[in-house]
Amino acid sequence: MEESSVDLNVSIHDVFEKAYKRYPDKEFIYDGYKRLTYKDIKQMSDSIASAFHQLGIGKGDRIIACLPNWHEFLAIYFAIAKIGAILVPCNTRYRVEELSYIVANSGAKAIFVVEEHGHFHTVKSLMESNESALEMVFTVRFQEDGHHSFEDLLKIGQSKLPPEVSIDPKEDVFSILYTSGTTGLPKGGMLTHLNFVHNAACTVEALQCDENDVFLVVVPVFHVFGMVPSILAAVTACAKMVFMEQFKAEAVLKMIEQEKITIHHGVPTMFILELNHPQFKSYDLSSLRTGIIAAAPCPVEVVKKIRNEMGCNITISYGQTETSPVVTITSFTDSDIIRSETVGRTIPGVEIKVVDVNRQTVPTGEIGELAVRGLNVMKGYFNMPEKTKEAIDQDGWLYTGDLVTLDEQGYVRIVGRKKEMIIRGGYNIYPREIEEILYKHPNVVEVAIIGLPDTVLGEISCAAVKLKDGALETEESMKNYLKGKIADYKIPDKVVFVDELPMTPSGKIKKVELQQKLKEDLQT
Ligand code: ATP
Ligand code: MG
């Protein structure tokens, strides 16, 4: 394991304070609504921190922020960091059931909501039913009688300085971050100040970021990808950020040109949609320097196109919420092949191993589950002791549920999720391998391979394919394309064509939902 050079005694507040002191008047954030400097956000977050203190919110209290990519999120983020409270970001698309789950599981004392989706009313009824620990609802960019708005908090806080709170970066949790819920109910990973600071610093180092960079933040701020390699990495580098509330391919292309974006983080689908947009060539994307592509398997073809057609020297990273998120990342000094086909090597301060079903290390190069230990690993899942015990063993190894191979040089290749492996008549099929080949097909935009129950073989495989507009393909033509390229048993038993694949807001294909739908379709 490479030692980390990051100062381990620094809190998130310290990172922000440092950037603010160096560049008070530098533009820090543009969210399509306001342009604000580091000083503006510093003043806002101090006021919010003071207001929290006056309202009885303090160290260890959980505060939910159910906000889109708006600048207010930053003021809340750094206010919470200052007073040692715990930020619980929440997916803005959540509805009653999901929101109630997060409120109950986190035991939050306060919540920020926006007007959309009737979240205010959901939260109010939770408060009235006395089933939650919620005491306060704060409204953002709208007003409700009897409740403080974000603007009210700024006013309340202006009269008094915020309290000075001592923080132990190693021990104190900064955020309970819920996983995407791709494989089950979202779990709240407890991440410390150190987890955040270290991971952001490693991102800055890997991407060689500095104060001249402009980060595009179109991944949601409520996801770990937005929280750490976007927001905190930008602050670590004293850079500027551009928030976009929604992903729309053409709007992104336009924003890159307009704001001269240098760092474009995203999930594979975002890049796929940008590259396939009919107006792609009419925008000037020459400011793009690099960015991280992660969160889901990145087809090699797509990685190559981002480099060649977008001119963006993209970096691949692998991680998960539980690991703050970065575990491995490719380096600018790696060869092009390594930088398209692997997710790189571990960041400093982190070690990995690959294990079999009995958690014994497998020989180099063999497929197994990736386990991680080090400065990026969460303290555990909040309020889920059993899940924590399953995930982290007594020696501090976190088992990721992802299947990988590790080569002699330490490069990791993602094979797929353990839960997505298909066992067809006794043979293992790893969906990713087949998806990679289908991504090379000129008429394929997106594809997902899933398993379906079968009375004879146990499971069979099915490809759900989204074709280019106007393209004509058949089940037979798709199967023929794969013939000779892979073993027969890996050729999907069924191919269905879909208009859209169901996605999570963090940009992953919802394979469980897709599987359910295809099962139902095939029964009828
Ligand atoms: P849940 O844990 O609730 O089922 P989730 O695992 O999708 O949801 P996240 O923490 O957002 O929640 O995602 C982490 C997962 O995303 C990893 O475990 C891995 O499966 C996948 N992933 C992340 N980066 C990559 C990558 N570069 N290549 C392939 N898969 C990736
Ligand atoms: Mg997960």
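Numbering of residues begins at 1 and proceeds along the displayed sequence. Start at 1 and go down the list; that is how both ligands and their atoms are numbered. These numbers were taken from a predicted model, which means no experiment stands behind them.
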Counting non-hydrogen protein atoms only, what is the nearest one to [atom]? Give residue, atom name and distance.
| atom | answer |
| --- | --- |
| atom 7 (O) of ligand 1 | Thr182 OG1, 2.5 Å |
| atom 14 (C) of ligand 1 | Gln320 CB, 3.4 Å |
| atom 23 (C) of ligand 1 | Gly319 O, 3.2 Å |
| atom 26 (C) of ligand 1 | Ala296 O, 3.6 Å |
| atom 18 (O) of ligand 1 | Asp402 OD2, 2.5 Å |
| atom 24 (N) of ligand 1 | Ala295 N, 3.1 Å |

At less than 4.0 angstrom from any non-hydrogen atom of [X], what atoms of ligand 1 do you find?
| X | result |
| --- | --- |
| Lys508 | 7 (O), 9 (P), 11 (O), 13 (O), 14 (C), 15 (C), 16 (O) |
| Ile414 | 28 (N), 29 (C) |
| Val343 | 27 (N) |
| His223 | 11 (O) |
| Thr321 | 9 (P), 10 (O), 11 (O) |

- Polar atom proximity, Ala294 to ligand 1 (N or O, under 3.5 Å): no
- Message: Tell me the nearest of Ser180, Gly184, Ala391 to atom 11 (O) of ligand 1, using heavy-atom distances.
- Response: Ser180
Got a list of side-chain donor-acceptor pairs under 3.5 Å for residues 321-329, not counting sequence neighbours?
residue	atom	partner	partner atom	Å
Glu322	OE2	Tyr381	OH	2.6
Thr323	OG1	Gln320	N	3.1
Thr323	OG1	Gln320	O	3.0
Thr323	OG1	Pro325	O	2.7
Ser324	OG	Asn376	O	2.7
Thr328	OG1	Val343	O	2.8

- Please assess Arg95 against His117 for the test side-chain hydrogen bond (donor to acceptor under 3.5 Å, both in side chains), listing each intermediate value before the final yes or no. CA-CA 7 Å; Arg95 298 301 159 87; His117 303 318; 3.0 Å; yes
Hey, are [X] and [Y] close enough for a salt bridge, meaning a charged N less than 4.0 Å from a carboxylate O?
| X | Y | result |
| --- | --- | --- |
| Arg345 | Glu2 | no |
| Glu459 | Arg424 | no |
| Glu436 | Arg432 | yes |
| Asp336 | Lys304 | no |

Is [X] in contact with ligand 1, taking contact as a heavy-atom separation below 4.0 Å?
| X | result |
| --- | --- |
| Ser317 | yes |
| Lys187 | yes |
| Pro297 | yes |

- Would you mind telling me if ligand 1 is within reach of the side chain of Thr183, the backbone, both or neither, using heavy atoms under 4.0 Å? both
- Note: Arg417, heavy atoms under 4.0 Å from ligand 1, region reported as side chain
- Message: I need the Arg93 CZ to Thr504 OG1 distance, nearest 0.5 Å.
- Response: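 The OG1 atom of Thr504 is 8.5 Å from CZ of Arg93, to the nearest 0.5 Å.
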- Task: Run the numbers on Phe225 and His265 for ring pair (Phe, Tyr, Trp, His ring centres under 6.0 Å), then give the verdict.
- Result: CA-CA 8 Å; Phe225 202 176; His265 292 335; 5.5 Å; yes
- Task: List the steps, then state whether side-chain hydrogen bond (donor to acceptor under 3.5 Å, both in side chains) holds for Glu446 with Thr269.
- Result: CA-CA 8 Å; Glu446 263 188 302; Thr269 305; 3.0 Å; yes
Would you mind writing out the side-chain donor-acceptor pairs for residues 288-299 within the sub-3.5 Å range, not counting sequence neighbours?
residue	atom	partner	partner atom	Å
Arg289	NE	Asp213	OD1	3.2
Arg289	NH1	Leu207	O	3.1
Arg289	NH2	Leu207	O	3.0
Arg289	NH2	Gln208	O	3.3
Arg289	NH2	Asp213	OD1	3.3
Arg289	NH2	Asp213	OD2	2.9
Thr290	OG1	Asn313	O	2.7
Thr290	OG1	Thr315	OG1	3.1

- Message: Looking only at side-chain N and O atoms, does Ser331 offer a donor or acceptor that is under 3.5 Å from a partner on Asp334?
- Response: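 The criterion, which ignores hydrogens and geometry beyond distance, is not satisfied for Ser331 and Asp334.
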